[in-house]
Each structure stands twice: as structure tokens, then as C-alpha cells.
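This one's a predicted model, so the numbers in the text were calculated from it and none came from an experiment. Quick note on labels: first sequence line is chain A, next is B, and so on, each numbered from 1.
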Amino acid sequence: MRIMMKNYPYYIFEEECKSLIEKALSEEGIKEEIKFEFPPSPKYGDLSFPVFNIAKKYGKNPEDFSKIIVSKINSYEKNIVERVEAIGGYVNFFIDYKKYSKIVIESIISLGKDYGNLDKKDIKIIVEHTSVNPVHPIHIGSARNAIIGDVLSNILEKAGYEIKRHFYIDDVGLQVAQAAYGYSKIRKIEGKKDHFIGYIYAATNCIINIKKLKEEIKGISNEEKIKEKIKELDEWTSIANELRLKNEKIFDELINEIYKSKDPEKDISELLIRYEKKEEDAVKIIRELCELVISGFRETLDRIGIKFDSWDWESEITCWSGATEDIINKLMETEFGKIDRGTIILDCNKILEKFKLKFGVKEIPPLVLKRSDGTTLYTTRDIAYTIWKFQRADKVINVISIEQRIPQIQLKLALYALNLGNLAERLIHFGYELVHLPGVKMSGRRGRYITLDEVLDEAIRRAYYEVSKRISNEEERRKISEIIGIGAVKYALISISPNKPIVFTWERVLDFEKNSGPFIQYGYVRACNIIAKVEKEEEANYESLNSDYEKQIIMKLSLFPKIINDAAEELRPEILAEYANDLTSLFNLFYDNLPVLKAEDKGLRNARIKLVKAVKIVLENVLSILGINTPEKM
RNA sequence: GGGUCCGUAGCGCAGUAUGGAUAGCGCGUCGGCCUUCGGAGCCGAAGGUCCCGGGUUCAAAUCCCGGCGGACCCGCCA
């Protein structure tokens, strides 16, 4: 069920305030856009209109002007607005909670899980997210991507867009060829598939780097350069030591096998060339590897309840279909494609200039379309993939770390060069900052990362410890600690603005107190407990809900559709996390200060029960958007 | 070296896009509340040159300029 956005109680209130202001202004011969603010304290009412800008524009004193407006509004007929006050240049609107409480609570209860749904938009959006290279497990950094992508999708869906979630499998990348090369030397799996391949990949990469550096050092005479290379070699040697300690047998086996080859890098490059040409042996080994890792991804993603509508194989969409080659040819026909240093490049600055584009940068380096060995590069293939996506959607959102800002701009520039600027305008790179380990950058190539699986295990373990204090049934303990542990991790990653780097520490991610997933889940459980004890429902007297505790909850509840709208239009998943925390805090205040079941007056008791029900529904709705499950007890 | 983003209490974060009322929240610290719907909670206290310096404005954490500090990026990785 969907109701029109304008029928939500909050919008009815806002509309009334707006028309009151407009009427008063028009009597003064003024017509301006009305912008409201939320007052910092309930004593200034529920919604404010600052008159400063308009007063200035028409040469009036703000304080006097606000008084004039208020005196006019006082003479108008009002419905949900109770009264209006002028304070220091603000026109403050006070809502009539006697009416508002009833319509807010009743609309929430009647809409249930549909409360917050916005008008259907008839716009299809593909959200591509996670898209971890199939060479190592999902680590806590890529988990941020997955969770942002999923929550963003949920928000847009709630806001009425038609959403498809896509995972792009980058099976044509150099990394996959490297991992497959290492895996071909071992050809077995120990433990969880993606974790084991992650190890093979890091070890292979490390061994090859060391081999290469040693050979390079032999051939260099410049002392400065030798020093540089030795420093690099030292770093990789220490990584080798770290890695070898984790699994000596496999590591040594890999060294033996890799050192049999004169030039492993060339072997890898050849494997990739053969894969791009879809040659059978290459397809067999690379696909085998990808399937292994992806099955590991699916297991992990299942744990956190993230699902995809489509798993897009890069090889099929961009490479074997001939789409990438086609695009390279077309780009070469434009004035922007050229040969430089033996390969094909795209002059991005020229495109920037020609189409008068900004992108917040002064210049963009040229995009290399092909490697010298003839194989294609990620961003080039991404052009083909982007066009493919636009055959299936009106808008595309790519959730990709901010590191890839330049390539994502280059991708758009390539679209302009192909006269597909209209697509570029509907392509959004949703960039987010990385998750760092204290002091070091997480790196798949170096095997330096904390996997999402281990974070979840630890979170569940800690939750189990807490849960065991209150719950005795073993099966329940396990079930509930999983819901809570996972909720804690998801909330921790979604509640911080995507444009802030996160330094991973266990305490931060596994917070069970206020401002955390479990805090909100606990509020939900409190609401459930009250409702479970209600025997029969009788007539509610909403007019008796007149404490600040109750009014603030009602206002907050009524804002939910607006929060959905803001989060969707501004692409800000974190404001939903903040909303959930605010609502829970208000509910806790109410819970600790006012009796519900023990309220003496029957009408009041029933009104409070309804209020608790409404809180339960909204918490359930907001947590569902955040992808966090709700336990009945904890 | 150049570009982008960030800098708010001991620590972790909102608030900045679109300038407005006493700059909010959590952790930690100190002091209270379990005979009241479940204390993962609530009440109270201490803690701020909103990185620094200029400028615009009736009004700046928010906008502009210049510093300082950090993260990320700057052609054949993604």
C-alpha cells in the first residue's frame, strides 16, 4: 500500500504553515519561496520560518516584520497549527498535538510496514555495489561498500524508485589472472574458499614481486635506484615472512612452483590474453577460481542479509561480446583517441575542454585504453559495462571507493566522447572513504586485511556473552546473539558519513551501547515487551498525550517519510541511522519517565499503548532499511 | 609538486550543501536511580580558541582567501 506523500501528517502540517505564511506575505505584496527550519528547542515551537532574508530584501526590520506576519496569521483560520509566535525574527509554529497525535499514530498503525513509502517514481535505477575482485574474501573495507550499497538501495526503493542491485564480477582483471596462476600450481582448497584463495593470491603476488625485484637489482647500476629497490624488497620480504607463518606448506609449495618458471609475469600476462580470447584452458582455470571465491562471497553476504538481483560477468558483457573492442574503435575515430608510447589512449583534458565539463578538477590524466600487450584495462571495459547497464535502467549508481574517483570521471568523459553525455549525466559515482587498520592500509595484494567473517564471528561472540546474562535457552542465545552482533557491525559501518575514513578498532565496530545497533534493537524489544502484555485494546484518548516526552516522539515519528525523502534525494544513508538512534533515545526517555500499562487513566493508557505500537512499527521499518534484524527479546 | 576531501570536548561522531535562536550526541570521568512496563536504560555534573589567520555579512562551525595537519589520487592495478 502506498499513500501519496502529501497525505502524510508531517507534510499536511508543513503545507499548512507554508500557506499561512504565503497568505500573510501576499497581503504585503510579497511572493517568495518559503524555507523552514527546525527550532533548536520545543519552546520555540515545532517549525520555524526565519524572516531575515525576506525582511532584508524588502527593507524591513526582521523583528517587526515577523510580528506583522504573526498578527496577520492570528486572524486566519487554522487547522493543525495551534498558534504562531514571533520571536526575534522568527515566525514559530506550534502544532496542535491534540489533533496531530491522533492522525500520526493512526496512520502509522494502519500503514504498518508501508509507513514511510513514498510515491512511485517510475524510474529504474541500477545500484552496483560490493563488486569485490574475486581474488580474496570480503574484508571490513569492502563490507563498508556492501552495506552502504545495500542501505542506499533500500532507501531508494522505499522512496519509490525501482531498484536493481548488481554485483560486477571483475574476472578479466590482472588480479584474477595472478590468483588463477597461483591456484593452478596448488589446485586444492583448505578451509573457507575465498579465505584460502585470498591467501594464495597474496602469497603468489608476494613471491613474484620478490623474484622480480631481485632480478631488477642485478641489472641496475645507479646506486640511488638500487637503494630504492632494496627498500621495496625489504618490505616484500617482511610480508613474505608474515604470510609464510600462516601456512608454511602452501607457501613453500608456491615458491617451488613459481621459481620453476623463468618469467611468471609473462605466464600471467599470457593467461590473461588467452582468457580475453576465451580460450578453453584459460576459461577453465579462471572460472573455476572465480566460482570458488564467489561462493565464499555468497556465504558471507548471506550472513549479513545482502542479496543481489544480478551477478554480471565482466568477461561476458564487455569482452567476449566484442563490446569493448567496438568502443575502442569508436573512440579511436573521435578526435580524442590517439596512439601514445605504443598504446591507445584517450585525451581526457581535451574532452573536458570541448564539452566544458568541470567535475571539480582542473585536469584529468589521459585514459590508457589498452595495455601494450593488447589486453584491455578495467576502465575501458567499464565503458562497455556502463552502456550495458543503461540499456536496463534510467539511472546508474556505482558504489566505489573514493580512490577510484579519477577513473570514474574518465569513464564519464569517455561517454561524452562517444556522444553519450546524456548517460554520463545520469551516472553517479557514490564514493566512500576507506576503512584503515591502525597505521596501515588494508591491502589484498599484501594479505593485510581483516575479513568481514572474522569481524562477524567476534561480534557474535561478544553478543553471546551479553545475551547469556539474560537468556538461558541455548538455541535462543545463538539466534539472538547473531542478530545483535551483526546489527552492531552493520550500524557501525553505516552510521559514519561515507566521506570520513574509518580507522578499524574492535571497540568501535562492536559497540553495544548507546548510538549503536544493539541500542536501537533494545528499544525495539522494550516496545515489544509492553505490547505483548496488552490484553485488550480499548478507546484511546489521544488528547491526553500532552507531555514533552510524548510530543517529541510523535513529531519524530511523523518525520520518518521526510527522512526517507531526504536520504533518497541526497543519497545519505547515514541520516537514517541517526534517525533510528534519535527515535530510540526519545522512546527510552518516555519509557523511563512515564507509565504505559500502569497509567491510571484508561484513555491515556490506551493512547500510550498505541504510541508504543507506532514506535515499534517505525523502528522496525527503519531497521529494515538499515538491513538490521529485530529480535523480540535480547 | 598539483588536485580532491577532511579537521568540532581526552577519544569517537552529528551539525557545514541552502549562513540564523543557548554548537548537539556517544564513549570515558565524577555523582545518583533496580519493592514501579526488562538497567544494553534513565537522571545529574565536569569537559569547547568549532585547526590557525584574515575577509564577506545585521549574523560564520557553515561562505571566500591564505596557512598548518591528515587521508586519497595524479597513463598501461582496480
Does [X] make a side-chain donor-acceptor contact with the base of [N], cut-off 3.5 Å?
X        : N      : value
A:Arg526 : B:rG41 : no
A:Asn529 : B:rG38 : yes
A:Asp582 : B:rA14 : no
A:Ser41  : B:rA21 : no

>> Using the rule salt bridge (charged side-chain N to carboxylate O under 4.0 Å, His left out), only one of A:Lys610, A:Lys602, A:Arg608 pairs with A:Glu537; which is it?
In response: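 Of the listed residues A:Lys610, A:Lys602, A:Arg608, the salt bridge (charged side-chain N to carboxylate O under 4.0 Å, His left out) partner of A:Glu537 is A:Lys610.
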Once you apply a heavy-atom cut-off of 4.0 Å, does [X] come out as touching a base, just sugar-phosphate, or nothing?
X        : result
A:Arg572 : sugar-phosphate
A:Phe519 : sugar-phosphate
A:Lys370 : base
A:Glu570 : base
A:Pro50  : nothing
A:Asn205 : nothing
A:Arg445 : nothing
A:Lys43  : base
A:Ile609 : nothing
A:Leu597 : base
A:Val435 : nothing
A:Glu578 : sugar-phosphate
A:Pro407 : base
A:Ser48  : base

If you only use heavy atoms from C-beta on, which nucleotide in [options] is closest to the side chain of [X]?
X        : options                : answer
A:Lys56  : B:rU57, B:rU36, B:rC25 : B:rU57
A:Ser497 : B:rA71, B:rC27, B:rG15 : B:rG15
A:Lys362 : B:rA21, B:rG3, B:rC37  : B:rG3
A:Lys35  : B:rC37, B:rG75, B:rU18 : B:rU18
A:His436 : B:rC37, B:rG39, B:rC72 : B:rC72
A:Glu513 : B:rC72, B:rC27, B:rA78 : B:rC27

When both hydrogen-bonding distances must be under 3.5 Å and the geometry is Watson-Crick or G-U wobble, what is [N] paired with, if anything?
N      : result
B:rG38 : none
B:rG28 : none
B:rC58 : B:rG20
B:rA71 : B:rU4
B:rG48 : none

If you look at every heavy atom in [X] and [Y], which pair is closest and at what distance?
X        : Y        : value
A:Val503 : A:Leu437 : CG1-C, 4.5 Å
A:Pro573 : A:Ile148 : CG-CG2, 4.4 Å
A:Leu571 : A:Phe430 : O-CE1, 3.3 Å

>> With heavy-atom distances below 4.5 Å as the criterion, would you say the side chains of A:Tyr275 and A:Val176 are in contact?
In response: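 The answer is no; the side chains never approach within 4.5 Å.
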> Is there side-chain contact between A:Leu369 and A:Leu331, with heavy atoms separated by less than 4.5 Å?
Replying inline: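 In contact.
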>> Test your reading of the model: is there a side-chain donor-acceptor pair from A:Thr204 to the backbone of A:Gln178, 3.5 Å cut-off?
In response: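 No; zero donor-acceptor contacts below 3.5 Å.
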Salt bridge [X]-[Y], side-chain N to carboxylate O under 4.0 Å:
X        : Y        : value
A:Asp170 : A:Arg381 : yes
A:Arg462 : A:Glu507 : no
A:Lys57  : A:Glu32  : yes

>> If you assign each of A:Gln175 and A:Thr584 to its closest nucleotide in RNA chain B, which residue comes earlier from the 5' end?
In response: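 Per heavy-atom nearest nucleotide, the more 5' residue is A:Thr584.
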> Taking for each residue the nucleotide of RNA chain B bearing the nearest heavy atom, is the 5' side occupied by A:Phe38 or by A:Gly360?
Replying inline: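 Counting from the 5' end, the first nearest nucleotide belongs to A:Gly360.
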Restricting both atoms to N or O, compile the protein contacts to nucleotides 6-10 of chain B shorter than 3.5 Å, with distance only.
| residue | atom | partner | partner atom | Å |
| --- | --- | --- | --- | --- |
| B:rG7 | OP1 | A:Lys500 | NZ | 3.4 |

>> With syn defined as a glycosidic angle within 90° of 0 and anti as the rest, where does B:rC34 land?
In response: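 Classified syn.
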>> Please classify B:rG44 as syn or anti, treating any glycosidic angle within 90° of 0 as syn.
In response: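 Base orientation: anti.
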>> Going by ring-ring contact (aromatic ring centres under 6.0 Å, His included), name the residues that satisfy it together with A:Trp311, two or more places apart in sequence or in a different chain.
In response: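 Testing A:Trp311 for ring-ring contact (aromatic ring centres under 6.0 Å, His included), a comparison that skips the adjacent residues, returns A:Phe167, A:Phe308.
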Distances under 3.5 Å between protein N/O atoms and the N/O atoms of nucleotides 44-46 of chain B, please, pair by pair.
none

> How are the rings of A:Tyr449 and A:His136 set to each other: parallel, tilted or perpendicular (split at 30° and 60°)?
Replying inline: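 Ring orientation, 0 to 90° scale: tilted.
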